[in-house]
Amino acid sequence: MEQHRSHNPNPSHQNRPSAYKREREDNGRNHCENKHSRPNRPQNQSGPSRGQNPHSSLSLSTRRELYERDFPVYKQPVEVGCFSLDSERRFFNDGRQMRYYVEPDRSPNFDLRDGYKDRFIKRDDSVKEKLDHMLRWILANRSKLSARGTTASSCDLDIDFVTWRGHLTKLLTAPYETREGWQLAVTRFRGTLYISEVETEAARRDQENRTERHEEMMYWGYKFEQYTCADTVHGRPDPGGVLNTNEAFCTVVQTRLADHRLLFSGEVDCRDKDPNAPAAPACYIELKTSAEICTPKQRSNFHRFKLLKWWAQSFLPGVPRVVAGFRDEEGVVVALETFPISKISHLIKNEPNCWKPTVCMNFCSDFLSFVKHIATEDNPSVVYLLSWEPRRDVTFSVHRDSPYCFLPHWFVEEMTSSHPSHQS
Ligand code: A3P
Ligand code: MG
């Protein structure tokens with residue numbers, strides 16, 4: 001995984017173009033408070049649906065040209081733990097939901113529609129879990145993460161950012177995204193910045209208006225996992241069983257992007273069952289489905305859009321390969337192909353104006369610097385809401401004691417009151 005190593009041994013920020021931009025105009029959102037103009041305002045009365053519309057004084061561009069510099073330092077991600085969510089979405093601080101990849105035959109003919117009507121338990125995606133599972137994992141594993149030393153901050157985490165891998169994937173792909181915007185809520189608490197996604201209005205509408213065909217197609221990816229994964233190292237896949245999307249195995253990794261120390265978690269589909277496979281995350285495998293490719297145009301679109309998402313999602317946690325099932329219109333898998341993540345950038349080389357890994361990583365790095373710069377107040381009830389729409393700059397607003405608050409009381413209290421050594 002070449003790109004995990006430092007690609008820029010002497011990173012210099014001196015002569016690069018700045019992506020930050022001063023903005024004079026109104027940013028057009030339901031913003032509540034401008035941090036720079038009113039830093040000490042005691043109570044903000046506005047929530048997501050109320051409030052004034054003050055101007056924002058800073059924004060961040062997503063224009064690709066600004067991020068075409070040397071690849072930033074991205075340390076090889078290290079797995080520091082894992083957790084599991086069971087069929088009722090209960091948290092366990094262990095790997096009980098880990099699955100093992102079982103290589104299918106060359107012509108698998110998996111019917112991805114099978115079981116959709118009668119053997120499918122779908123996770124309730126109206127329940128917004130925010131960072132809660134990660135926070136539970138942090139409390140249970142705090143001693144692994146705390147800063148060493150004797151200062152008053154010795155019980156704080158030795159980490160700049162805590163978030164989900166999926167949120168970082170959205171940052172990596174933003175310079176190339178033309179359809180879906182995002183909103184990320186940020187809270188600084190005991191020196192660490194927590195980033196949690198807020199569903200946009202557009203995403204909520206899309207979810208409500210999904211067609212039956214779309215609903216069914218969302219099942220296909222999970223069904224492919226069921227055809228290719230076993231629950232035990234010597235087991236066989238059980239495609240006749242019930243498919244329950246509440247169940248998940250998540251890795252927790254630590255790494256560094258430029259000068260940002262990151263802790264994030266992401267769902268892992270399965271691992272190599274070979275006992276001699278390398279340690280996690282290098283033994284993990286990401287499973288994907290995609291429409292079969294029949295024309296040069298389809299191939300080009302696959303390279304330009306799908307491989308970008310696949311690369312970003314797996315590169316971040318250091319998952320080295322994607323196994324893809326290509327399916328026909330009827331949802332039957334007709335071919336399988338393995339994509340090593342380290343080879344994806346070569347595959348796309350001949351696409352004109354294609355995405356570049358360095359742009360993705362530099363944008364993410366600059367975004368995190370931007371967040372450090374604006375989210376200065378250390379307070380669990382303050383949320384900096386960063387909003388982005390394609391072809392616009394990233395803007396932000398500040399919200400105090402608002403419905404955007406996402407750090408739960410149980411986490412704040414435990415982090416404030418007890419020392420990590422009190423954890424079992
Ligand atoms: P595919 O990616 O093969 O379509 P993941 O690959 O990230 O582990 O996700 C597993 C499956 O969940 C996806 O398989 C897809 O079926 C479904 N899924 C995940 N995110 C989705 C999204 N944003 N929209 C639609 N389906 C999604
Ligand atoms: Mg997958």
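For clarity, every value in this text was computed on a predicted model and none was experimentally measured. Just follow the structure's listing: the first ligand is 1, and inside any ligand the first atom is 1.
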Are Lys309 and Lys288 close enough, and set up right, to give a side chain to side chain contact (heavy atoms under 4.5 Å, CB included), and what steps lead you there? CA-CA 11 Å; Lys309 299 264 164 84; Lys288 289 289 180 197; over 6 Å; no

Within a distance under 4.0 Å of any heavy atom of [X], pick out the atoms of ligand 1 and give their elements.
X	value
Glu286	5 (P), 6 (O), 8 (O)
Glu225	8 (O), 10 (C)
Leu287	6 (O)
Thr289	1 (P), 3 (O), 4 (O)
Asp269	8 (O)

Tell me the protein heavy atom at minimum distance from [atom], and give that distance in Å.
atom	result
atom 27 (C) of ligand 1	Met218 CE, 4.3 Å
atom 13 (C) of ligand 1	Gly221 CA, 4.1 Å
atom 6 (O) of ligand 1	Lys288 NZ, 2.7 Å

Could you tell me whether the side chain of [X] and the main chain of [Y] form a donor-acceptor pair under 3.5 Å?
X	Y	value
Lys356	Asn353	no
Arg99	Cys270	no
Trp164	Lys130	yes
Gln298	Thr295	yes
Arg165	Phe264	no

How does Glu267 reach ligand 1, if at all, at less than 4.0 Å between non-hydrogen atoms: by side chain, backbone, both, or neither?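 Contact part for Glu267 vs ligand 1: neither.
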
Once you restrict to heavy atoms under 4.0 Å, what part of Thr245 touches ligand 1? Side chain, backbone, both or neither.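 Neither part.
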
Which atoms form the tightest heavy-atom contact between Thr192 and Val162, and what is the distance?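 Looks like CG2-CG2, 3.7 Å.
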
Are any of the protein's heavy atoms under 4.0 angstrom from [atom], yes or no?
atom	answer
atom 2 (O) of ligand 1	yes
atom 21 (C) of ligand 1	no
atom 15 (C) of ligand 1	yes

Considering only heavy atoms, which of Tyr222, Phe224, Trp220 lies nearest to atom 12 (O) of ligand 1?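 Looking at heavy atoms only, the winner is Tyr222.
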
Provide the tally of protein N/O/S atoms nearer than 2.8 Å to the Mg ion (ligand 2).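 My tally for this metal is 3.
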
Geometric cation-pi criterion, Lys223 with Tyr227: 6.0 Å, 45°: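 Lys223 over Tyr227 ring: yes.
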
Does at least one non-hydrogen atom of Gln313 fall below 4.0 angstrom from an atom of ligand 1?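 The answer is yes, since Gln313 has a heavy atom less than 4.0 Å from ligand 1.
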
Is the closest basic N to carboxylate O distance between Arg321 and Asp272 below 4.0 Å?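 Salt bridge present between Arg321 and Asp272.
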
Taking 4.0 angstrom as the limit, do Arg204 and Glu199 come out as a salt bridge?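 Salt bridge between Arg204 and Glu199, a charged N being under 4.0 Å from a carboxylate O: no.
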
Is there a donor-acceptor contact under 3.5 Å linking the side chains of Glu247 and Ser87?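 Not at all, the side chains of Glu247 and Ser87 share no donor-acceptor pair under 3.5 Å.
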
When you check the side-chain N and O atoms of Asp124 and Ser126, is any donor under 3.5 Å from an acceptor?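 A pair is found: one side chain offers a donor N or O, the other an acceptor, under 3.5 Å apart.
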
Taking Lys170 as the fixed residue, which of Glu177, Glu180, Glu197 is the one that meets the salt bridge (charged side-chain N to carboxylate O under 4.0 Å, His left out) rule?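 Among Glu177, Glu180, Glu197, the one that satisfies the salt bridge (charged side-chain N to carboxylate O under 4.0 Å, His left out) with Lys170 is Glu197.
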
